[in-house]
J.: 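For reference, the structure I am asking about is given below.
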Amino acid sequence: MHIETVSIEFETTNKEKMLQSVAHHRKEMADFEGFLGYEVWLKEGSRKSTVMNVSRWASKEEFTVWMKQHRDFHREMKRTGGGGGSELVVTRQTGSYDMIEVN
């Protein structure tokens with residue numbers, strides 16, 4: 001199993017917009033082969049908040065197929081002035097993990 005994480009810090013006043021953007025990504029992932037699940041964790045602050053998106057995939061290769069389409073979506077949104085949620089981001093960190101057996 002392959003795990004991808006994206007931690008996004010944003011202004012708390014943009015919470016609803018950020019959660020709408022996150023919901024869109026979950027729907028987008030759901031139709032892809034190899035997608036196993038998605039969780040969103042919220043750490044809410046008075047001025048800045050953070051969402052941690054955790055997606056589970058059967059393999060890194062299947063995640064990569066989705067990620068290519070996702071990047072194309074964001075490029076098109078920027079090109080047409082739609083933003084795609086990236087205008088809400090204060091900071092962003094990603095992580096990539098493979099599940100291993102520990103004996």
J.: Whether the side chain of H24 engages the backbone of Q20 through a donor-acceptor N/O pair (distance < 3.5 Å, no angle test) should be reported.
T.: no
J.: Which side-chain N or O atoms in residues 92-103 pair as donor and acceptor under 3.5 Å with protein atoms at least two apart or in another chain?
T.:
unit_1, atom_1, unit_2, atom_2, d
S96, OG, H2, NE2, 3.3
S96, OG, E4, OE2, 2.7
D98, OD1, H2, ND1, 2.7

J.: F10 and V54: same hydrophobic cluster, using ILVMFWY side-chain contacts below 4.5 Å?
T.: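 Each belongs to a different hydrophobic cluster.
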J.: Does V51 belong to the same Ile/Leu/Val/Met/Phe/Trp/Tyr cluster as I3, with side-chain heavy atoms less than 4.5 Å apart forming each link?
T.: no
J.: Are the side chains of S49 and K43 in contact, using a 4.5 Å heavy-atom criterion?
T.: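 Result no, sub-4.5 Å side-chain heavy-atom pair not found.
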J.: Can you get from Y38 to M52 by hopping between Ile, Leu, Val, Met, Phe, Trp and Tyr side chains that sit under 4.5 Å apart?
T.: no
J.: Nearest 0.5 Å please: distance from the CD atom of E62 over to the CE atom of M29.
T.: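 Reported value, rounded in 0.5 Å steps: 13.5 Å.
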J.: Ignoring hydrogens and geometry beyond distance, is a side-chain donor-acceptor pair present between T64 and E61 at under 3.5 Å?
T.: no
J.: For the pair E11 and N14, evaluate side-chain contact (heavy atoms from CB on, under 4.5 Å) and give the outcome as yes or no after the intermediate values.
T.: CA-CA 6 Å; E11 299 291 333; N14 291 323; 3.9 Å; yes
J.: For the pair K15 and E44, find out whether any cationic side-chain nitrogen is under 4.0 Å from an anionic carboxylate oxygen.
T.: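 Yes.
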J.: In Å and rounded to the nearest 0.5 Å, what is the OG to CZ distance from S55 to R26?
T.: 11.0 Å
J.: Output, in order, the C-alpha distance, side-chain angles, deciding distance and verdict of ring pair (Phe, Tyr, Trp, His ring centres under 6.0 Å) for W66 and F35.
T.: CA-CA 9 Å; W66 174 79; F35 174 73; 8.5 Å; no
J.: Would a single hydrophobic cluster contain both I8 and L42, if residues Ile, Leu, Val, Met, Phe, Trp and Tyr are joined by side-chain heavy-atom contacts under 4.5 Å?
T.: yes
J.: Test S21 against K17 for side-chain contact (heavy atoms from CB on, under 4.5 Å), laying out the working first.
T.: CA-CA 6 Å; S21 177; K17 289 179 185 177; over 6 Å; no
J.: Give the cluster check for W57 versus M1: same hydrophobic cluster or not, with ILVMFWY residues linked at side-chain heavy-atom distances below 4.5 Å.
T.: no
J.: Look up atom CD in E9 and atom CE in M18, then write down how far apart they are to the nearest 0.5 Å.
T.: 10.0 Å
J.: So do the side chains of S7 and T50 get within less than 4.5 Å of each other, counting heavy atoms only?
T.: yes
